[in-house]
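Quick note on labels: first sequence line is chain A, next is B, and so on, each numbered from 1.
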Amino acid sequence: MALRVYDTRRREKVDFVTIEAGKVRMYVCGITPYSPSHLGHARCYIAFDIVHRWLEAKGYDVTYVQNFTDVEDKIINIANEEGIDYLEVAERNIVDYYDVMDALNVLRADHYPRVTETIEGIISMIETLIEKEHAYNGEDGVYFHVESAPEKYGLLTGQNIEAVRAGAGGRVGGTGLGKRDHKDFALWKFAKPGEPQWDSPWGAGRPGWHIECSAMSLQYFGEQFDIHGGGDDLRFPHHEAEIFQSECCTGKSPLVNHWMHNGFVNIDGEKMSKSLGNFWTITDALKTHKPLVLRHALLNAHYRNPIDFSEQFLEDGKRSQNKLEDSYCDLLRVWGEKNKDHLVSLPRPQLGGEGLAHTIGMLEKLGEECALSMDDDFNTREALAKISSAIKIMNKAVNSDIDENDRQSLGYYCVEWLEEFAGSALGLLPSREDALAGSQEDPRRAELEPIVSELLMKRAAAREAKDWEAADAIRSELAALGITVQDTADGPEWEIN
RNA sequence: GCGUCGGUAGCAAAGCCUGGUUACGCGAUGGACUGCAAAUCCAUUUCACGGGGGUUCAAAUCCCUCCCGGCGCUCCA
C-alpha cells in the first residue's frame, strides 16, 4: 500500500518517498517554553504522533527530532518579571510539556535538542551564510538578506516577493533597526544589558528565532531530510526562513521532501489567544476530561482542517472514547475472563465455525480499509469511522448465540484487532489492566470508593427484597454525587461522570 | 489589497486529488433486553453537498463565475 502525504510546498498529495529506503528523518518544530502547553500544542503533537506511529507501523525506521526554543524574548521577559533565571522558566514549561504529552499518549521523539545546547552549530551556520554573502552584520545583529535568494520566497505560502514589498507600507523598518530590508530576519541578536548571551565572532548575543531549527536539522539529519512539520502558522515566516538559511548554507535543495502543517484550534469560531481570553491550556481541558478523550476528540477531524473547539466538541469525544473503551473492556472479558493468569501468554486460538468466518472476513476487510485511510494522508477521521463499524460488528457477533469456545476465540481476535488500529496506530486504548479496571485511574475514585460501596450494598439489599423504590432512590443519590451505576451480569459497576 | 484554506443533512465531520455504491458519530423516535435504567443490538430519523452556469451517459467530486467565512502577510503549534 502506498502512503500518500499532502505536501504544503507542492500543494497536493504526493507519494511518500524517503531519501534513504526504509528510513525516515522527521523534524517537527517544538515549543517555545514560555507558558504551559495549550490545546494548539496538543493538536500539533498528537497529529505528528500519528505520523510517527503510522510510519513505524508501516515498517519505517523513524528518527524523530523535536526542538525546544529555550531562549527567546517572551521567556526572558517572564524571567525578569519573576526575578528568576530564564532557564528556570523554560525548564518548568518543558516539564509541563512532557507531563501533558505523556498523559495524551504522545510517544517521545528520539531527540529534544535545545537552543542553548546548539549555539556552536548556530554560529558556524551563520558564519557560512556571511561568507556566502547571504547574511550581513547590522547595527544590532546579524541578518539574513532575503533578496539574496529571491527565488526561495513564498515557497510555502505562495506569496509574491514584489507584492509583499508593495504591501508592506508603514511596517518597513518597524522592527530590527539594523535591517537593510524589511523582509530580512535576524540570525543573531546582539545582547542588551542583562540578557542571556554567548560570545560570537560578531559580538555577544543570542540566536534569532529561526536559525536554531536549521542548525538542529543539519546536526541530526544532514543537508536534506524527509518530513518537516509544525503548526500552520509556522509556514511563514518560520519555515520559509528555514528554507533560506539551510539551502543557502548548504547549497542543497530542497531542504525537505514533505512539508506538513496541521490546522489550527479555534475556540467557538475565534482564534485561541490570550488577548481574547479564550485561551485553554491542556491542563485546563484535563481537569474535566480524561486525556484520551481529548486525544480522541482531536483525531476526529482531519489534521489539516481547522477545529472549532467547544464543550460540545469534548462531549462528542467523550462519548466516542467511552464507547471504544467499554467495547475494548467487554471484549477483553469475553476472551480473558477464564484466562486471567496467562492473559498475555495465551496462544491465539483457532477460529472455527461458519458464522465466525463471515465475521472475521468483515473485520479483516475493515482492517484493510482502516489502513488505507491512514495511508491516505493520515485520515484519522475515516479510520475512526472504520473502527466504529468494526466495533458494531464485534459487539453483535460476541453477543450472538454461538459456541463458547468460538466466542472466546472471537473475543481474542477482536482484542487484537482493536489493539492494532485503535491502540498502536491511533494511541486511543488504555493498557489492558487499566481497561479492565474501568476508570480506576481516576484519582477521585479511591476517595469515593467507601461511600459508593456502602450505598451499592444497601441498594443490592433493596433489590434483593424487590424494593425497587428504595433501590432507585439510592441510584438517584449516587447520580447526585456524579456517579453512574450500571447493573451487569457480574453485579453493579460505577463510574464518575 | 495580496496569499491561502474552507462553505456537506438538526449538530458535528469524512468523501473531492483517482466523477458513477453506504460515510461514521452525536442528538431524536420506536423496538429487543432490563424490576426500571445503563450498556449493547435492531429499525426509523437518507436520498445532504453555498448560489448560478458549463463539461459528461453520469458531478458533492472536473471547469468558469459569484456570494460568504477562517487564517496568513508582525510574535504564535
Side-chain angles (χ1 to χ4, degrees), chain A residues 4 6 8 11-14 28-32 34-35 37-48 66 72-74 154 156-160 162-164 166-169 171 174-175 182-183 209 229-238 240 261-266 269-274 296-297 300-302 304-308 310 312-313 315-320 322-323 326-327 329-330 369 373 376-377 379-389 391-392 394-400 463 466-469 471-472 475-476 479 484-488 492-495:
Chain A
R4 309 252 302 157
Y6 185 88
T8 306
R11 251 170 258 138
E12 61 181 354
K13 277 185 215 167
V14 297
V28 174
C29 285
I31 60 165
T32 299
Y34 69 93
S35 69
S37 296
H38 56 70
L39 290 175
H41 297 125
R43 166 63 145 178
C44 176
Y45 301 110
I46 286 173
F48 288 101
Q66 191 182 115
E72 188 266 354
D73 291 348
K74 284 191 282 285
L156 298 180
T157 54
Q159 297 185 101
N160 176 295
E162 299 302 323
V164 168
R171 288 204 301 274
T175 54
H182 77 278
K183 295 187 296 300
W209 174 35
D232 198 44
D233 54 332
L234 295 184
R235 281 188 304 143
F236 187 92
H238 186 60
E240 289 201 359
H261 294 94
N262 65 277
F264 256 58
V265 176
N266 298 318
E270 283 182 306
K271 182 174 173 175
M272 177 171 70
S273 74
K274 286 186 173 170
H296 195 125
N300 216 200
H302 186 88
R304 276 191 284 123
N305 290 144
I307 279 177
D308 192 10
S310 63
Q312 185 60 43
F313 175 81
E315 281 303 316
D316 285 352
K318 180 178 171 183
R319 286 211 171 73
S320 307
N322 283 162
K323 188 165 177 169
D326 287 350
S327 300
C329 178
D330 288 348
E369 288 175 4
S373 298
D376 185 12
D377 197 28
N379 194 334
T380 53
R381 170 73 186 198
E382 203 172 70
L384 281 170
K386 302 298 178 190
I387 290 170
S388 283
S389 302
I391 286 175
K392 203 169 228 182
M394 290 173 185
N395 283 328
K396 189 176 176 179
V398 153
N399 288 313
S400 66
R463 294 183 74 212
K466 298 202 190 294
D467 183 353
W468 309 125
E469 214 169 296
D472 288 350
R475 189 164 61 194
S476 304
T484 306
V485 179
Q486 286 185 30
D487 294 318
T488 73
E493 290 182 359
W494 60 281
E495 61 182 35

When you compare A32(B) with A38(B), how far apart are their P atoms, in angstrom units rounded to a whole number?
-> 14 Å
Who pairs with N300(A) by side chain to side chain donor-acceptor pair (under 3.5 Å), at least two apart in sequence or on another chain?
-> R381(A)
Would you check if F264(A) and I307(A) make a side-chain contact, meaning some heavy-atom pair closer than 4.5 Å?
-> no
Select base, sugar-phosphate, or nothing to describe what V265(A) touches, counting heavy atoms under 4.0 Å on all strands.
-> base
K318(A) NZ to G27(B) C1', in whole Å, measures 16 Å
Separation between the C1' atoms of A12(B) and G7(B), rounded to whole Å | 14 Å
With sequence neighbours excluded, what pairs up with D232(A) under the side chain to side chain donor-acceptor pair (under 3.5 Å) test?
-> R235(A)
Candidate pair R475(A) and D472(A), rule salt bridge (Lys or Arg N to Asp or Glu O under 4.0 Å), full reasoning = CA-CA 5 Å; R475(A) 189 164 61 194; D472(A) 288 350; 3.5 Å; yes
Span that lies between the P atom of C11(B) and that of G72(B), in whole angstrom = 27 Å
Between CZ of F236(A) and P of A77(B) the distance, given in whole Å, is 16 Å
Using the C1' atom on both, measure G20(B) against A28(B) and round to a whole Å.
-> 33 Å
Any D487(A) side-chain heavy atom under 4.5 Å of E493(A) side chain = no
Runs of at least three Watson-Crick or G-U pairs with RNA chain B, cut-off 3.5 Å = B:1-7 with B:67-73, B:27-32 with B:40-45, B:50-54 with B:62-66
For Y45(A), the ring-ring contact (aromatic ring centres under 6.0 Å, His included) test, sequence neighbours excluded, returns Y97(A)
Indicate for each nucleotide in nucleotides 44-49 of chain B, in 5' to 3' sequence, whether protein heavy atoms under 4.0 Å reach the base (B), only the sugar-phosphate (S), or nothing (-).
-> ------
Can you tell me, in whole Å, how much space there is between the C1' of A9(B) and that of G25(B)?
-> 14 Å
Side chain of E240(A), backbone of T157(A): donor and acceptor closer than 3.5 Å?
-> yes
Side chain to side chain, I31(A) and S37(A), heavy atoms closer than 4.5 Å | yes
Give one of base, sugar-phosphate or nothing for G263(A), where a contact means two heavy atoms less than 4.0 Å apart.
-> base
With F313(A) via ring-ring contact (aromatic ring centres under 6.0 Å, His included) - residues at least two apart = F309(A)
Taking CZ from F264(A) and P from C71(B), how many angstroms apart are they, rounded to a whole number?
-> 10 Å
Determine the Euclidean distance between corresponding P atoms of A77(B) and C41(B); express it in Å to zero decimal places.
-> 41 Å
Nearest-Å distance for atom pair CG/P, residues N266(A) and G70(B) = 10 Å
Is the shortest side-chain N/O distance from N399(A) to OP1 or OP2 of U40(B) below 4.0 Å?
-> no
What is the per-nucleotide protein-contact pattern of nucleotides 4-18 of chain B, from the 5' end, where B denotes a base atom under 4.0 Å from a protein heavy atom, S denotes such proximity for sugar-phosphate atoms only, and - denotes neither?
-> SS------BSSS-BB
Side-chain contact check for R319(A): nearest option of C42(B), A23(B), C26(B) is C26(B)
Could you give the CD-to-C1' distance, from E72(A) to A77(B), as a whole number of Å?
-> 14 Å
Answer yes or no: does a side-chain N or O of K323(A) lie under 4.0 Å from OP1 or OP2 of C26(B)?
-> yes
How would you list, by chain and number, every residue that makes a salt bridge (Lys or Arg N to Asp or Glu O under 4.0 Å) with K13(A), sequence neighbours excluded?
-> D376(A)
Atom CD of E369(A) and atom C1' of A23(B) are separated, to the nearest Å, by 11 Å
Taking only residues two or more places apart in sequence, or in another chain, which ones meet Q486(A) in a side-chain contact (heavy atoms from CB on, under 4.5 Å)?
-> none
Measure the distance from NZ on K392(A) to C1' on C24(B) and round it to the nearest whole Å.
-> 9 Å
Set of residues satisfying side chain to side chain donor-acceptor pair (under 3.5 Å) with respect to D316(A), sequence neighbours excluded | Q312(A)
Tabulate atom names and distances for all N/O pairs under 3.5 angstrom spanning the protein and nucleotides 33-36 of chain B.
| residue | atom | partner | partner atom | Å |
| --- | --- | --- | --- | --- |
| G35(B) | O6 | R463(A) | NE | 3.3 |
| G35(B) | N1 | D472(A) | OD1 | 3.0 |
| G35(B) | N2 | D472(A) | OD1 | 3.3 |
| G35(B) | N2 | D472(A) | OD2 | 2.6 |
| C36(B) | O2 | R475(A) | NH2 | 2.4 |
| C36(B) | N3 | R475(A) | NH1 | 3.0 |
| C36(B) | N3 | R475(A) | NH2 | 3.3 |
| C36(B) | N4 | D487(A) | OD2 | 3.2 |

With a cut-off of under 6.0 Å to the ring centre and 45° to the axis, is R304(A) in cation-pi contact with Y6(A)?
-> yes
Among the candidates A77(B), G72(B), A39(B), find the nucleotide nearest to the side-chain atoms of C44(A).
-> A77(B)
Pairwise P distance for G27(B) and C68(B), with rounding to whole Å = 36 Å
Checking all strands, does K386(A) fall into the base, sugar-phosphate, or nothing category for heavy-atom contacts under 4.0 angstrom?
-> nothing
With the side chain counted from C-beta on, respond yes when M272(A) and L39(A) share a heavy-atom pair under 4.5 Å apart, and no when they do not.
-> yes
Which value, in whole Å, describes the distance between the C1' atoms of nucleotides G52(B) and G10(B)?
-> 27 Å
Taking NZ from K74(A) and C1' from A77(B), how many angstroms apart are they, rounded to a whole number?
-> 12 Å
In chain order, what residues pass the side chain to side chain donor-acceptor pair (under 3.5 Å) check against E369(A), with sequence neighbours excluded?
-> K365(A), K386(A)
So H238(A) and C29(A), side chain to side chain contact (heavy atoms under 4.5 Å, CB included) or not? Walk me through it.
-> CA-CA 10 Å; H238(A) 186 60; C29(A) 285; 3.5 Å; yes
